[in-house]
Amino acid sequence: MCGIVGYIGYNNTKEILLNGLEKLEYRGYDSAGIAMLDDNDINLFKVKGRIAALRQRVNDTAASTMGIGHTRWATHGAPSAENAHPHQSTSGRFVLVHNGVIENYQELKRDYLDGIAFGSETDTEVIVQLVDKNAEKYGDTAEAFRQTINLLKGSYAIGLIDKQDKETIYVAKNKSPLLVGLGDGFNVVTSDAMATLKETDQYLEIFDREVVLVNRNFVEVQKLDGTAVTRSPFTAQIDVSDTEKGTYPHFMLKEIDEQPFVMRRIIQEYQDEHDRLKLDQDIRSAMKTCDRVYIIAAGTSYHAGLAGKRLLEKMAGIPVEVHVASEFSYNTPLLSEKPLFVFISQSGETADSRSVLVKIKEMGHPALTITNVPGSTLSREADFTLHLHAGPEIAVASTKAYSAQIAVLAILAVDTARAKGFELDFDPLQELAIAANAMEVLTEQKETIEELVRDNLGTTRNAFFIGRGSDYFVCLEGALKLKEISYIQAEGFAGGELKHGTIALIEEGTPVIALATQENVNYAIRSNVQEVVARGANDIIFSMKGLERDTDAFVVPQVHELLAPLVSVVPMQLLAYYAALHRDCDVDKPRNLAKSVTVE
Ligand code: F6R
């Protein structure tokens, strides 16, 4: 994780770096720093904490026309000013920012840097000390940089400044994301185009194991042996207003509210001029010819994958396995003869998922990535991509990407079913439009949910979510949302499973949130509710219109039951939001987390 921004141009370096870092805070926010080069020296500012703290710390130094900045999510060494980036070489000549993990940093330290006094506990500092040492040896910074990069094992996105060279930011990348943004008389470096959109919408992709020399007037991409590479820029398709909160108090609330619009955008994007489903022919034939789908994902995306399994199996008749990415890489199950791997990832950068992708590509299997970021690593490295069209998701807790993932999986399931010649009593575009309207109704019921939170989750230390069938998957997601932003210990359970042990935790007043949107299990889940109520639980039932009972706490509008997760998740997201607000938690940036998890 971690976010990097760099600027070389004519003015305003400090603001461009700080504004960029603020936009990158979703990638990590436990410490931060910037380094700016002026006529005489490198001005370095580092703090433990957020960019707001860094802003206060940075004084108005002499006008600077180049600099690099970093916002950190700690991997090696606790969050502190010493461990914050940029790191400076002992001689003071070089400063460097890094996102990723250097796996061989201890060997490098032992083999090349004996006797050097390190100022931090990070793996990163090894890189800047090595560059300094190589600069003495080769007498040329570009060569020293390439030689250093050649020694690194692991993942990295790097920006380096040499005090003796006011014309270049040295950049390199492997596995971690990094782009160069192109301007008129200036250029930028960034982990995410969103952070520097105000400066430019023209970006140059950097491939793994490439080095880039970024000057204010030109950019030179090189392979590690120094040979030049030519590449055309692309236009970042992001609307600046999508990256702002507008009148909302939090990005999370804005993103919850955006879900109906996201559904409508998906309908538009996956519809041809005759109102029929539009999907890449190659994806269709990969889905049709595979004998089993393996869905690989993490966290919320894994929960969407569970809903996707049900859609694909019910409609397209394909057996589907859903795997937590971090488990699959190390404990690969027996595979079928013609597997198709489907990676679900909002960011498209999740390291756990990527390591599975690398592995299954080595095995020669096809891969489809469903992501919100089409140019992301998982998208580039898979054979096919389906785009979520959800717009940038900035709150750390994922909301609109989850519902977009389920909607796109529903479209994929129907398209595959039709390709296989199955007759379906389900028009996905029409059913999604109905779900979008239902979501809109739900987003207007915030006061009711806020009241439910006040009455039921106000001071509780734990909560359980129970459901059966696809309600169970939404319970897993509801519990994850609640715990990650409100810090209430919460668990999602299959309704029938609670009594096999966990029911021991039910005490007088323990909140048990039950979902009842599935007709075939409506009776069964209500029996499970009775079991916990008999032991003192405070039941809060969310049912679907048509299945409701008088004592239910909340009734969601009726939609096709295969799409029920799209609507039942909205009140779960709002529950988490208001619980976090009620407890004064930092809704958009919960503790210990980062939006894009690029370390395994
Ligand atoms: C929770 C959340 C995470 C992500 C997970 C995977 O709200 O956002 O659980 O879903 O880290 O991230 P992506 O989808 O980017 O691969």
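Order of listing sets the numbers, starting from 1, for every ligand and every atom in it.
When side chains are defined from C-beta on, L277 does not count as touching Q271, because their heavy atoms never get closer than 4.5 Å.
For Y294 and H365, the distance between ring centers is not under 6.0 angstrom.
E313 and I318 get closest at one heavy-atom pair: CG-O, 3.1 Å.
Atom 11 (O) of ligand 1 has its closest protein heavy atom at V597 CG2, 3.9 Å. What sits closest to atom 12 (O) of ligand 1 on the protein, heavy atoms only, is T350 OG1, 3.4 Å. Summary of contacts: the protein heavy atom closest to atom 14 (O) of ligand 1 is S301 OG, 2.6 Å. Closest to atom 15 (O) of ligand 1, if we only count protein heavy atoms, is S347 OG, 2.6 Å.
Residue contact annotation: H303 has no non-hydrogen atom under 4.0 Å from ligand 1. Distances shorter than 4.0 angstrom occur between a heavy atom of V396 and an atom of ligand 1. In this structure, S353 has no heavy atom closer than 4.0 Å to ligand 1.
With hydrogens and angles disregarded, a donor-acceptor distance shorter than 3.5 Å links the side chain of T369 to the backbone of L378. Looking at S355, its side chain does come within 3.5 Å of a backbone N or O of D352 through a donor-acceptor pair.
Less than 4.0 angstrom separates some heavy atom of S345 from each of these atoms of ligand 1: 13 (P), 14 (O), 15 (O), 16 (O). Under a 4.0 Å criterion applied to the non-hydrogen atoms of A397, ligand 1 contributes the atoms 7 (O). Those atoms of ligand 1 with a heavy atom of K481 less than 4.0 angstrom away are 1 (C), 7 (O).
Residue-level proximity to ligand 1 for T300 is carried by backbone and side chain together, each with a heavy atom below 4.0 angstrom.
Where the criterion is an N or O separation shorter than 3.5 Å, residue side chain and backbone included, Q405 fails it with respect to ligand 1.
Compare A298, A297, G299 by their heavy atoms: the one nearest to atom 6 (C) of ligand 1 is in A298. Compare E349, E393, E484 by their heavy atoms: the one nearest to atom 1 (C) of ligand 1 is in E484.
The environment of Y330 atom OH is sparse: at most 12 non-hydrogen atoms of other residues, nucleotides or ligands sit within 6.0 angstrom. Around atom CD of E444, more than 12 heavy atoms belonging to other residues, nucleotides or ligands sit under 6.0 Å away. Other residues, nucleotides and ligands contribute over 12 non-hydrogen atoms within 6.0 Å of the CD atom of E244.
Both cation-pi conditions hold for R591 and Y487: the charged atom is under 6.0 angstrom from the six-membered ring centre and inside a 45 degree cone around its axis.
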